[in-house]
Amino acid sequence: MTGAGVSAESGVPTFRGQGGLWQGRRAEDVATPQAFQRDPEGVWEFYNYRREKLLACKPNAGHAAIAALEAVFDDWTLITQNVDGLHRQAGSRNIVELHGNIWTTRCTACCQEFDHFGDKLSRRPTCNDCGGLLRPGVVWFGEMLPPDALAAAQDAVGRCQAILVVGTSSVVEPAASMAGWARAHGALVVEINLERTPLSEQADECLFGKAGEILPRLVSALKARKSDPSQ
Ligand code: BJW
Ligand code: ZN
């Protein structure tokens with residue numbers, strides 16, 4: 001399970017804490033359906049700004065290590081709250097995007113979804129098919145998560161032996177509860193973060209530091225153990 005902290009070393013601002021994306025703006029002002037209804041151009045300005053900044057960001061060593069973990073385990077699911085698409089760029093394949101993807105849009109009239117990777121969109125983008133207003137393909141506060149993504153995440157969490165929770169403040173639901181669900185059926189919970197979070201109390205292990213430094217070491221150790229189980 002990953003959050004914004006994994007992309008921080010790629011230069012993508014996190015949401016909370018120092019240097020957070022929401023600095024000077026309350027999340028509720030831009031990341032809610034009400035905000036979009038009130039001021040679609042203001043919300044699009046925010047998302048277009050982030051899309052443009054993201055174009056200059058590349059996956060980092062943490063993303064690469066997470067992609068490598070997919071080959072280490074027979075059964076591996078990456079559940080991410082991130083909307084930046086950097087995990088896929090790094091080579092991860094079995095990905096559940098719980099909060100959508102910032103490169104996609106959805107028509108508010110006909111509900112079609114579109115992929116706009118790398119495109120520069122206007123201040124008020126419209127649907128090529130029906131002319132309806134497009135919205136960012138992300139999940140805002142108060143909205144349901146995509147049902148398929150939520151079901152896939154629940155399935156993986158419900159049968160996992162271990163869950164690694166990386167770079168998330170563990171405050172946004174329902175993602176924040178998933179490690180607890182895994183722990184409830186006996187899974188090992190390992191957290192990697194710069195600092196303590198509400199999850200730290202429940203975690204079996206907390207590794208404090210940068211994801212881009214800790215994860216590559218974890219991959220090396222796991223690969224060594226796989227090739228020589230006595231290690
Ligand atoms: C590093 C690092 C480095 C830094 N290495 N670490 C139950 C109880 C209470 C409330 C609710 C509830 N159920 C639903 C709610 C309401 C709400 C919610 O959770 N509110 C809480 C804030 C209280 N949830 C919802 O509305 C969700 N919908 C839902 O549940 O539907 C059903 C329902 C609806 C209504 C009522 C009841 C039920 C939807 C949530 C959507 C979240 N959307 C956003 C925006 C996405 C679009 C966009 O990008 O613009 O998703 S908000 C934002 O937060 C974004 C993130 O994915 C999400 C989580 O943030 P994340 O990833 O944890 O980042 P940060 O910045 O918070 O933390 C970064 C961490 O990294 C820090 O800990 C750093 O220390 C660490 N770090 N550098 C390692 N190098
Ligand atoms: Zn349309």
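Nothing fancy with the numbering, it's 1 onward along the sequence. Remember, it's 1-based here, ligands and their atoms both numbered in the order they're listed. We use all heavy atoms of the structure for the numbers below, so side chains are in, but hydrogens, waters and symmetry mates are not. Keep in mind that this is a model prediction, so the values were computed, not measured.
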Distance filter under 4.0 Å to [X] heavy atoms, resulting ligand 1 atoms:
{"X": "R50", "result": "48 (C), 49 (O), 50 (O)"}
{"X": "K210", "result": "5 (N)"}
{"X": "V83", "result": "49 (O)"}
{"X": "G3", "result": "62 (O)"}
{"X": "A8", "result": "78 (N)"}
{"X": "E195", "result": "75 (O)"}
{"X": "T168", "result": "61 (P), 63 (O), 70 (C), 71 (O), 73 (O)"}
{"X": "G167", "result": "6 (N), 69 (C), 70 (C), 71 (O)"}

For the pair [X] (side chain) and [Y] (backbone), establish whether a donor and an acceptor sit closer than 3.5 Å, ignoring hydrogens and angles.
{"X": "H63", "Y": "S10", "answer": "no"}
{"X": "R124", "Y": "L133", "answer": "no"}
{"X": "D119", "Y": "L121", "answer": "no"}
{"X": "N60", "Y": "G212", "answer": "no"}

Should the proximity of [X] to ligand 1, defined as any heavy atom under 4.0 Å, be assigned to the side chain, the backbone, both, or neither?
{"X": "R16", "answer": "both"}
{"X": "W140", "answer": "backbone"}
{"X": "L98", "answer": "neither"}
{"X": "A4", "answer": "both"}
{"X": "E143", "answer": "backbone"}
{"X": "V138", "answer": "side chain"}

May I ask you to check whether G142 has an N/O atom sitting below 3.5 Å from an N/O atom of ligand 1? yes
Side chain or backbone, does Y47 bring an N or O within less than 3.5 Å of an N or O on ligand 1? yes
Under 4.5 Å between side-chain heavy atoms, counting indirect links through other Ile/Leu/Val/Met/Phe/Trp/Tyr residues: same cluster for W103 and L145 or not? no
Other residues, nucleotides, ligands: >12 heavy atoms within 6.0 Å of Q161 CD: no
For E201, does the CD atom sit with more than 12 other heavy atoms under 6.0 Å from it, leaving out its own atoms? no
Answer yes when E45 and R51 have at least one side-chain N-carboxylate O distance shorter than 4.0 Å, and no when they do not. no
Protein N, O or S atoms lying under 2.8 Å from the Zn ion (ligand 2), listed by chain and number: C107 SG, C110 SG, C127 SG, C130 SG
Who's closest to [atom] heavy-atom-wise, of [options]?
{"atom": "atom 45 (C) of ligand 1", "options": "V43, V139, N60", "value": "V139"}
{"atom": "atom 33 (C) of ligand 1", "options": "Q81, M144, H99", "value": "M144"}
{"atom": "atom 25 (C) of ligand 1", "options": "E9, E97, E173", "value": "E173"}
{"atom": "atom 74 (C) of ligand 1", "options": "L150, L194, N193", "value": "N193"}

Kindly determine whether M178 and M1 satisfy side-chain contact (heavy atoms from CB on, under 4.5 Å), including the steps that lead there. CA-CA 9 Å; M178 290 188 182; M1 157 77 74; 3.7 Å; yes
For residues [X] and [Y], is any side-chain donor paired with an opposing acceptor at under 3.5 Å?
{"X": "D115", "Y": "T104", "result": "no"}
{"X": "T2", "Y": "H87", "result": "yes"}
{"X": "E191", "Y": "T197", "result": "yes"}

Specify whether Y47 and W140 have parallel, tilted or perpendicular ring planes, treating 30° as the upper limit for parallel and 60° as the lower limit for perpendicular. tilted
Starting from I192, walk the hydrophobic network (Ile, Leu, Val, Met, Phe, Trp, Tyr; side-chain heavy atoms closer than 4.5 Å) and list everyone else you reach, by chain and number. V6, I66, L69, V72, F73, W76, L78, I95, L164, V166, L188, V190, L207, I214, L215, L218, V219, L222
Using heavy atoms and a 4.0 Å limit, tell me yes or no: is G209 in contact with ligand 1? yes
CD-CG distance between E70 and N94, expressed to the nearest 0.5 angstrom: 5.5 Å
Working note: Q81 + T168, criterion side chain to side chain donor-acceptor pair (under 3.5 Å); need CA distance, chi angles, decisive distance, verdict. CA-CA 8 Å; Q81 298 167 78; T168 172; 3.1 Å; yes
